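Report on the structure given below.
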Amino acid sequence: MKVLVIGKGGREHALCWKLKQSKRVREVYCAPGNAGTHFDGIQNVQIEMNDTRGLIQFAKREGIDLTVVGPEEPLTLGIVDAFMKEGLRVFGPRRDAAELEGSKVFAKELMRQAGIPTADYRLFRSAPDAEHYVLSRDVSLLIRSKGRSTLRHPLLCRTASEAMEAIDRIMDPREMLSPNVTVEVEERGVRVGFATAAEAKDYVLERPVGLVLKADGLASGKGVYVCDNIKEALAAIDKVMVRRIFGKAGDRLIIEERLDGQETSILAFTDGRTIVTLETSQDHKRAFDFDKGPNTGGMGAYSPAEIVTPELMAQVESEILVPVVHALKRARRPYRGVLYAGIMLTNQGPKVLEFNVRFGDPECQAVLMRLQSDLFDALEAVVDERLDEIELKWDKRPAVTVVMASEGYPGPYERGRVINNLEEANAMKDVKVFHAGTTLRTDPSLGRDDRAVTDGGRVLNVTALGDTFVEAKARAYEAAASIRFTGSWYRRDIADRAIQTAASKVPV
Ligand code: AMP
Ligand code: GLY
């Protein structure tokens with residue numbers, strides 16, 4: 001069989017690497033691929049992932065037996081529909097099913113209809129409506145005037161809007177110069193005084209609210225704002241709906257309740273009739289150690305997610321996976337491919353944060369490292385709608401993936417930095433270095449394209465297996481430490497949560 005993988009990240013490198021291990025696969029192509037796929041004997045094809053016509057032409061010319069789509073963007077643009085129309089076999093959901101990731105509004109409405117547990121939400125089509133909603137959140141403040149006789153009694157203000165109005169009443173602009181008028185804001189017995197209306201209002205806007213704002217459309221993972229206070233929520237509305245930093249993706253906005261708990265990623269294959277879950281995993285979205293700093297595309301991952309017990313997995317299957325596959329089928333958008341449920345394990349049980357219509361990145365790297373079954377057989381069974389014949393075998397040992405990033409990421413960064421010692425790291429036992437943001441550059445001494453240079457914010461996904469999480473982590477970090485490129489950095493605490501969970505399970 002000849003297989004084509006579309007994409008150029010660490011996920012696609014891992015898919016290529018695993019597919020190449022299949023006895024049934026003769027040749028693996030990757031469009032456009034990266035330096036890592038090239039080093040692994042995969043044929044990189046210089047066609048970009050959204051060039052559907054170019055990809056179809058290539059698949060026909062080369063007689064590709066199966067195409068696997070890595071990223072969400074081509075899926076939401078309908079690449080699977082286009083391939084199928086040409087009679088080409090392709091792994092991934094069609095466009096109308098890929099809406100599950102392409103539109104958060106669609107996903108939320110589907111979940112609501114199907115009774116799938118998820119955060120309560122409201123939908124907004126305009127910035128003023130969204131702002132009004134945020135300013136109407138319960139803050140419960142007591143506003144008092146000091147030094148002004150007309151407003152002697154404290155005003156109980158339920159919402160931020162009411163509090164701001166009260167401040168305006170006390171701090172009449174005409175009395176601004178009156179030095180002895182101040183406003184006092186009381187929250188649960190704590191009183192704070194302010195000499196100006198602006199300061200008092202600022203304080204009101206800093207009151208905590210647990211809101212999460214989400215741009216409807218695709219925003220390369222950056223369209224979600226977990227807001228601690230009103231000010232942050234207003235700033236997010238401004239970015240998405242006023243400045244429109246994601247363009248049309250920000251036409252609609254979801255505001256939902258913030259959930260508390262541990263997150264986990266559950267991936268499952270489905271052909272629309274059968275669901276086969278993969279081993280659990282967990283990524284680390286924040287840039288810095290101890291989950292500090294901005295959200296990123298993922299700074300590391302581990303598998304399995306020890307907090308997901310078999311009982312919990314059964315609950316996720318019956319309350320989330322089965323209903324969503326069924327709901328899509330009933331909506332005449334049958335789903336075929338890999339389904340990714342981002343889940344928060346709350347006190348009230350598992351709730352869906354998001355659905356993705358592809359493998360998680362970097363979760364895929366850790367999960368595939370543990371897959372012992374033939375990946376080609378599994379993907380083919382999904383495409384041919386005979387997934388019921390497949391049983392997946394897994395390495396019991398845990399896997400840890402450490403993301404090595406470019407200096408400056410997730411902000412601006414430079415590309416083109418030479419990466420050294422890749423071979424040594426790759427040669428280590430139970431280690432695989434997947435490439436994410438790399439490309440090839442001509443090595444002058446060899447006269448051919450044989451040097452890996454950085455070409456993205458997240459550069460490498462150093463993945464290791466170990467008998468325990470402690471061992472897998474140590475191995476991954478040992479390999480990462482041996483790889484050199486200028487400005488490289490990585491989180492130091494990948495998998496620590498799993499190590500703690502594992503430790504707490506040991507009987508005393
Ligand atoms: P999403 O792209 O929807 O997964 O959102 C990205 C990240 O935002 C998630 O992985 C969570 O960490 C966080 N998040 C999304 N929705 C919520 C929510 N309702 N409550 C708390 N955190 C959330
Ligand atoms: N690791 C998160 C994602 O793939 O969306």
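The chain is numbered in sequence order, starting from 1. Order of appearance sets the numbers: ligands from 1, and atoms from 1 within every ligand. None of these values were measured; they are calculated from a predicted model.
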- request: Give the numbers and elements of all ligand 2 atoms closer than 4.0 Å to a heavy atom of Tyr340.
  value: 1 (N), 2 (C), 3 (C)
- prompt: Quick one: do Asp216 and Lys248 make a salt bridge, cutoff under 4.0 Å?
  reply: no
query: Which atoms of ligand 1 sit under 4.0 Å from any heavy atom of Met344?
result: 21 (C), 22 (N)
- prompt: Taking the six-membered ring where the residue is Trp, are the ring centres of Trp489 and Phe288 under 6.0 Å apart?
  reply: yes
- request: Using a 4.5 Å cut-off on heavy atoms from C-beta on, say whether the side chain of Leu100 contacts that of Leu339.
  value: yes
field: Electrostatic pair Asp251:Arg125 at N-O distance under 4.0 angstrom
entry: no
query: Does Gly298 come within less than 4.0 angstrom of ligand 2, counting non-hydrogen atoms of the residue?
result: no
- prompt: Within 45° of the axis and under 6.0 Å from the centre of the six-membered ring of Tyr133, does NZ or CZ of Arg137 qualify?
  reply: yes
field: Arg207 NZ/CZ over Tyr203 ring centroid, <6.0 Å and within 45° of normal
entry: yes
query: To the nearest 0.1 Å, how far is atom 8 (O) of ligand 1 from its closest protein heavy atom, and which atom is that?
result: Val224 CG1, 3.5 Å
Numbered atoms and elements of ligand 1 in range of Glu256, under 4.0 angstrom, heavy atoms: 16 (N), 17 (C), 18 (C), 19 (N)
- prompt: Which protein non-hydrogen atom lies closest to atom 17 (C) of ligand 1, naming both residue and atom, and how far is it?
  reply: Leu353 CD2, 3.4 Å
Protein contact to atom 13 (C) of ligand 1 [nearest heavy atom, distance to 0.1 Å]: Val226 CG2, 3.7 Å
task: Go through ligand 2 atom by atom and flag the ones less than 4.0 Å from a non-hydrogen atom of Asp283.
output: 1 (N), 2 (C)
message: If the cut-off is 4.0 Å to any non-hydrogen atom of Arg258, which atoms of ligand 1 fall inside it?
response: 20 (N), 21 (C)
query: Are Arg11 and ligand 2 in contact, using a heavy-atom cut-off of under 4.0 Å?
result: no
message: At less than 4.0 angstrom from any non-hydrogen atom of Lys285, what atoms of ligand 1 do you find?
response: 10 (O)
- prompt: Does the N or O separation between Glu354 and ligand 2 drop below 3.5 Å for any pair?
  reply: no
field: Under-4.0 Å salt bridge between Lys214 and Glu354
entry: no
- request: Give a yes or no on whether a salt bridge exists between Asp96 and Arg333, defined as a side-chain N under 4.0 angstrom from a carboxylate O.
  value: no
message: Any nitrogen or oxygen of Glu257, side chain or backbone, less than 3.5 Å from one on ligand 1?
response: yes
message: Under 4.0 Å between a side-chain nitrogen and a carboxylate oxygen: does that hold for Glu471 and Arg475?
response: yes
Contact atoms of ligand 2, heavy-atom distance to Gly360 under 4.0 Å: 4 (O)
query: Among protein heavy atoms, which lies nearest atom 11 (C) of ligand 1, and at what distance?
result: Glu263 OE2, 3.1 Å
task: Scan residues 212-243 for pairs that pass ring pair (Phe, Tyr, Trp, His ring centres under 6.0 Å), counting only residues two or more places apart or in two chains.
output: none
- prompt: If hydrogens are left out, which of Lys214, Lys351, Glu354 has an atom nearest to atom 16 (N) of ligand 1, that is, the closest non-hydrogen atom?
  reply: Lys214
message: Salt bridge check, Asp430 against Arg397: does any charged N sit closer than 4.0 Å to a carboxylate O?
response: yes
query: Can you say whether the rings of His13 and His435 are parallel (under 30°), tilted (30 to 60°) or perpendicular (over 60°)?
result: perpendicular
Ligand 1 atoms in contact with Leu259 (distance to a heavy atom under 4.0 Å): 18 (C), 19 (N), 20 (N), 21 (C)
- prompt: Among side-chain atoms of Asp496 and Gln500, is any donor-acceptor pair under 3.5 angstrom?
  reply: no
- line: If we number the atoms of ligand 1 from 1 as shown, the ones under 4.0 Å from a heavy atom of Lys104 are 2 (O), 3 (O)
query: For ligand 2, which atoms have a heavy atom of Asn356 less than 4.0 angstrom away?
result: 5 (O)
query: Tell me, which protein residue and heavy-atom name are nearest atom 5 (O) of ligand 2, and how many Å apart are they?
result: Arg358 NH2, 2.9 Å
query: Can you find an N or O of Glu363 that's nearer than 3.5 Å to an N or O of ligand 2?
result: yes
